Amino acid sequence: MNIFRLAGDMTHLFSVLVLLLKIHTIKSCAGVSLKTQELYALVFAARYLDIFTNYISLYNTVMKLIFLGSSFSIVWYMRYHKIVRRSYDKDQDTFRHYFLILPCLLLALLINEKFTFKEVMWTFSLYLEAVAILPQLVLLQRTRNIDNLTGQYVFLLGAYRALYILNWVYRYFTEPHFVHWITWVSGLVQTLLYADFFYYYFQSWKNNQKLHLPA
Amino acid sequence: ADIITEHDEL
């Protein structure tokens, strides 16, 4: 494992911790898209089908369990926790996420490395992860006062994707036969979706102003 | 192992 991959995983882990911190201690999920969180839960469920059959390392298994557990518990908090769910901006979070799931599934059935159930589900999870942030970005645009934790959560998620790209570049030059077009293209698409957000995030940081995305 | 389908990333 190289430094970019480790940094990427840690950034991903921090993003989840920031979100759980907000939900668990402040008992608020204001500005957080349940649609995006449900998509992430689906992404991890589809991708980690091999969790008990394909052992890679203890690190890998533990991280998979953390991402599965955290994504499903965030969804549970936002849907069912009697205090947290009151702060959910239901009327603003209107992105129809079902419209993302079906095209991703069709694309995974058409474009994959191997036509097996696990491989198609794995590919589906990559395509879905690439677009899963969209409901969250739409909600951020509609939110007048984006609080710091929500802004940091999205920033950390974007940073995780950027670090994964550096990891792929590194692996491409250091490992023989390391070519994963599906992973790379969907990962690149995913990272590009954050470009706009990054621009405004750094502007607000530079000018010491509250983060605000123009509609 | 099969290089194409080995998924060692998260």
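This structure is a prediction, so every number in the text was calculated from the model and none was measured. Below, each value reflects all heavy atoms present in this structure, side chains not excepted, and no hydrogens, waters or symmetry copies. Every chain is numbered from 1, with letters handed out A, B, ... down the list of sequences.
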**Message:** Sub-4.5 Å heavy-atom contacts with chain B: which residues of residues 164-175 of chain A show up?
**Reply:**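 Within residues 164-175 of chain A, the residues under 4.5 Å from chain B are A/Tyr164, A/Asn167, A/Trp168, A/Arg171.
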
For residues 60-73 of chain A against chain B, heavy atoms under 4.5 Å, the residues are A/Asn60, A/Met63, A/Lys64, A/Phe67

Can you name the nearest heavy-atom pair linking [X] to [Y], along with the distance?
{"X": "A/Leu149", "Y": "A/Ile26", "result": "CD1-CD1, 3.5 Å"}
{"X": "A/Asn2", "Y": "A/Arg5", "result": "OD1-N, 2.8 Å"}
{"X": "A/Arg47", "Y": "B/Leu10", "result": "NH1-O, 3.1 Å"}

- Between A/His97 and A/Gln37, is any side-chain donor less than 3.5 angstrom from a side-chain acceptor?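 The criterion, which ignores hydrogens and geometry beyond distance, is not satisfied for A/Gln37 and A/His97.
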
Open item on the list: Students often mix this up, so state it plainly: with edges at 30° and 60°, are the rings of A/Phe178 and A/His180 parallel, tilted or perpendicular?
Closed with: perpendicular

Requested in this report: Take the angle between the ring planes of A/Phe198 and A/Phe155 and call it parallel below 30°, perpendicular above 60°, tilted in between.
Outcome: perpendicular

Exercise for the section: Using a strict cut-off of less than 4.0 Å between a Lys/Arg side-chain nitrogen and an Asp/Glu carboxylate oxygen, indicate whether A/Arg142 and A/Asp89 qualify as a salt bridge. Expected result: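 No salt bridge links A/Arg142 with A/Asp89.
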
- Message: So A/Thr123 and A/Ile111, do their side chains get closer than 4.5 Å, heavy atoms only?
- Response: no

task = Determine whether A/Gln136 and A/Leu157 make a side-chain contact, defined as any pair of heavy atoms from C-beta on separated by less than 4.5 Å.
result =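 Result no, sub-4.5 Å side-chain heavy-atom pair not found.
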
- Query: Which atoms of A/Tyr160 come close to chain B, meaning under 4.5 Å heavy atom to heavy atom: side chain ones, backbone ones, both, or neither?
  - Reply: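 Contact with chain B: side chain only.
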
- request: Can you measure from CG (A/Leu6) to CG (A/Leu13) and round to the nearest 0.5 angstrom?
  value: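 A/Leu6 CG to A/Leu13 CG: 10.5 Å, rounded to 0.5 Å.
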
